[in-house]
Amino acid sequence: MVFSCRQCGTCCMFLGDYIAIEEQTGPFSFACESVSTGTPFIAEVDDDKREIFRDHAFPDAHPHACRFLRPDGDLLRCTIHRDSPPQCKFYRCVALRVSDKQGRSLGYVTGALALHSEDPELRSAWNEAERGRPRSDEDAEPWIAAFLRQKGFRVE
Ligand code: SF4
Ligand code: SF4
């Protein structure tokens, strides 16, 4: 499945403590740190998002959200899309969607290869897959998809 971000902003709503602004260095420039990896980065607000960035009502109302997240119509958008750290750029909330043979959704697997499902059969197959999967996530993703298909699940 080719992941397409819907820009719902859900994944950024609680990242305020992880994308830290150390210093404002210009009207739209910031020295930041990606706290989970301890990586510093410089971010400048994207040219086309400066207008929405100026409005601080959203971050004031959502203190746990990333400071760079802003509403834009129906979307919640990252205003430093160009300069956001790699873990933001490569984040995929859904890597695999799993359903039964009738197409009934049973759960999904995140880009970090965590299963979100309450279905006992899928959970049991997942546990088996976890024990046999290749070590690297890159190799594991197609391997797990094939394993679950072999067990009779639909995987997209
Ligand atoms: S990665 Fe997923 S949760 Fe995050 S904004 Fe995109 S669709 Fe929403
Ligand atoms: S930098 Fe952008 S993508 Fe990363 S958490 Fe903040 S708003 Fe989300």
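Atoms within each ligand, like the ligands themselves, are counted from 1 in listed order. Each residue takes its place number in the sequence, starting with 1.
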Rounded distance [0.5 Å steps], [atom1] in [X] versus [atom2] in [Y]:
{"X": "Arg77", "Y": "Cys5", "atom1": "CZ", "atom2": "SG", "answer": "10.0 Å"}
{"X": "Tyr91", "Y": "Leu15", "atom1": "OH", "atom2": "CG", "answer": "8.5 Å"}
{"X": "Thr79", "Y": "Arg82", "atom1": "OG1", "atom2": "CZ", "answer": "11.5 Å"}

Task: For Tyr91, atoms of ligand 1 separated by under 4.0 Å from a heavy atom - done: 1 (S)
Task: Which of the ligand 1 atoms, numbered from 1, are nearer than 4.0 Å to a heavy atom of Gly9 - done: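 Selected atoms, number and element: 5 (S), 8 (Fe).
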- [ ] State whether the side chain of Arg123 and the backbone N or O of Ser117 hold a donor-acceptor pair below 3.5 Å, judged by distance alone.
- [x]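 Yes, Arg123 side chain to Ser117 backbone: donor-acceptor pair under 3.5 Å.
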TODO: Using atom types as modelled and distance alone, determine if a side-chain donor or acceptor of Arg50 lies under 3.5 Å from a backbone N or O of Val45.
DONE: yes
Which heavy atom of the protein is the closest neighbour of [atom], given with residue, atom name and distance?
{"atom": "atom 6 (Fe) of ligand 2", "answer": "Cys66 SG, 2.4 Å"}
{"atom": "atom 5 (S) of ligand 2", "answer": "Leu15 CD1, 3.6 Å"}
{"atom": "atom 4 (Fe) of ligand 2", "answer": "Cys88 SG, 2.3 Å"}
{"atom": "atom 7 (S) of ligand 1", "answer": "Arg6 N, 3.4 Å"}
{"atom": "atom 2 (Fe) of ligand 1", "answer": "Cys93 SG, 2.3 Å"}

- [ ] Give a yes or no on whether His81 keeps an N, O or S atom under 2.8 Å from atom 2 (Fe) of ligand 2.
- [x] no
- [ ] Decide, yes or no, whether a salt bridge links Arg131 with Glu128 under the criterion of side-chain N to carboxylate O below 4.0 Å.
- [x] no
- [ ] Salt-bridge test for Arg70 and Glu51: reply yes if a basic N is under 4.0 Å from a carboxylate O, no otherwise.
- [x]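 Salt bridge: no.
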Task: Metal proximity, Cys11 vs atom 4 (Fe) of ligand 1, N/O/S cut-off 2.8 Å - done: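 Of the N, O and S atoms in Cys11, at least one lies under 2.8 Å from atom 4 (Fe) of ligand 1, which means yes.
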Task: Per atom 8 (Fe) of ligand 2, closest listed option by heavy atom (Ser34, Cys5, Cys12) - done: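 Looking at heavy atoms only, the winner is Cys12.
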Task: Ile80 contact mode with ligand 2 (heavy-atom cut-off under 4.0 Å) - done: side chain
Open item on the list: Please tell me whether Phe41 and Phe68 form a close aromatic pair, meaning their ring centres lie under 6.0 Å apart.
Closed with: no
